[in-house]
Colleague: 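So that we are looking at the same thing, I have put the structure below in structure tokens.
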Amino acid sequence: MPVTDVKHDLDSRTLTITAEFAAPAERIWQVYADPRQLEKVWGPPTYPATVVEHDLTPGGRVNYFMTSPDGEKFAGYWKVTAVDEPRTFTFEDGFADLDFNPNPDMPVATNVYTFTEHDGRTRATYVATYDTAEGLQKVLEMGVVEGATAAINQIDELVAS
């Protein structure tokens, strides 16, 4: 399992997940840079993602929806704010309606994904900072840790193929 550590801190409003992959940073970067690969790992396996817009550049946007086992769709977006390929990217991550308009009733996180290579392996650090402790608590109750770790753990299989 790639995920090696998960921490959340309500005081700092952060959720931090650390993972290690047996692949170079450039290969891990490609998982996020290619919408078809991203679909295979974004979200838990039982809620597959469909990426409908993908622009991983500063000011760009990634719009997607996940489909539940019952066929219900849940939309979300990334508003990309910074990119340093293949080392890091930063984005606002939020919930949306099916037209990809942000849902103001749901929490938004500022995410920083960092990939550090050492001896052909990559340590990935995923840090989500929420606007409020209540927002973090809400997504924790929704199962964000379980969903995110299941999604990240799928990356190993993808990069091995």
Colleague: Do Asp99 side-chain atoms and Asn101 backbone N/O form a donor-acceptor pair below 3.5 Å?
Modeller: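 Not a single qualifying donor-acceptor pair exists.
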
Colleague: Can you tell me if Arg61 has over 12 outside heavy atoms packed within less than 6.0 Å of its CZ?
Modeller: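 Above 12, so yes.
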
Colleague: For Thr14 and Thr16, indicate whether the former's side chain and the latter's backbone hold a donor-acceptor pair under 3.5 Å.
Modeller: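 No; zero donor-acceptor contacts below 3.5 Å.
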
Colleague: Val6 versus Leu15: any side-chain heavy-atom pair under 4.5 Å?
Modeller: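 Of all side-chain heavy-atom pairs linking Leu15 with Val6, at least one is under 4.5 Å.
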
Colleague: Counting distance only, does the side-chain N/O of Thr18 pair as donor-acceptor with the main-chain N or O of Thr4 below 3.5 Å?
Modeller: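 No; zero donor-acceptor contacts below 3.5 Å.
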
Colleague: In terms of the angle between their ring planes, are Trp42 and Trp78 parallel, tilted or perpendicular, with boundaries placed at 30° and 60°?
Modeller: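 The rings of Trp42 and Trp78 stand perpendicular, inter-plane angle above 60°.
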
Colleague: For Glu39, is there an ion pair with Arg36 - N to carboxylate O distance below 4.0 angstrom?
Modeller: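 So Arg36 pairs with Glu39 through a salt bridge.
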
Colleague: Please work out whether the ring planes of Tyr126 and Tyr32 are parallel, tilted or perpendicular, with thresholds of 30° and 60°.
Modeller: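 Plane angle between 30° and 60°, so tilted.
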
Colleague: Is any side-chain heavy atom of Arg13 less than 4.5 Å from a side-chain heavy atom of Asp131?
Modeller: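 Answer no - side chains too far apart.
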
Colleague: Side chain of Glu117, backbone of Pro24: donor and acceptor closer than 3.5 Å?
Modeller: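 Such a contact is absent between Glu117 side chain and Pro24 backbone.
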
Colleague: Side-chain donor-acceptor contacts of residues 102-110 below 3.5 Å, not counting sequence neighbours, with atom names and distances?
Modeller:
from	atom 1	to	atom 2	distance (Å)
Asn103	OD1	Asp105	N	2.8

Colleague: Can you confirm whether Glu157 is buried at CD, in the sense that more than 12 heavy atoms of other residues, nucleotides or ligands lie under 6.0 Å from that atom?
Modeller: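 Open: at most 12 neighbouring heavy atoms sit under 6.0 Å from CD of Glu157.
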
Colleague: Would you check if Phe21 and Phe115 make a side-chain contact, meaning some heavy-atom pair closer than 4.5 Å?
Modeller: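 No. Closest side-chain heavy atoms not under 4.5 Å.
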
Colleague: Can you see which heavy atom on Met66 is nearest to which on Pro44, and at what distance?
Modeller: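 What the structure gives for the nearest pair is SD-CD, 4.2 Å.
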
Colleague: Does any non-hydrogen side-chain atom of Arg27 lie less than 4.5 Å from one of Ile155?
Modeller: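 When only atoms from C-beta onward are counted, Arg27 and Ile155 do not touch, as no gap falls below 4.5 Å.
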
Colleague: Hey, does the side chain of Asp84 reach the backbone of Thr88 with a donor-acceptor pair shorter than 3.5 angstrom?
Modeller: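 No: the side chain of Asp84 does not pair with the backbone of Thr88.
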
Colleague: Side-chain contact test, heavy atoms from C-beta onward, threshold under 4.5 Å: evaluate it for Gln137 versus Glu141 and give yes or no.
Modeller: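 Side chain of Gln137 against side chain of Glu141, heavy atoms only: contact under 4.5 Å found.
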
Colleague: Indicate yes or no: does Lys7 engage Asp9 in a salt bridge with an N to O separation below 4.0 Å.
Modeller: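 Judged by the 4.0 Å cut-off on N to carboxylate O distance, Lys7 and Asp9 do not form a salt bridge.
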
Colleague: In this structure, is the centre-to-centre distance between the rings of Phe91 and Tyr113 below 6.0 Å?
Modeller: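 So the answer is yes for these two rings.
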
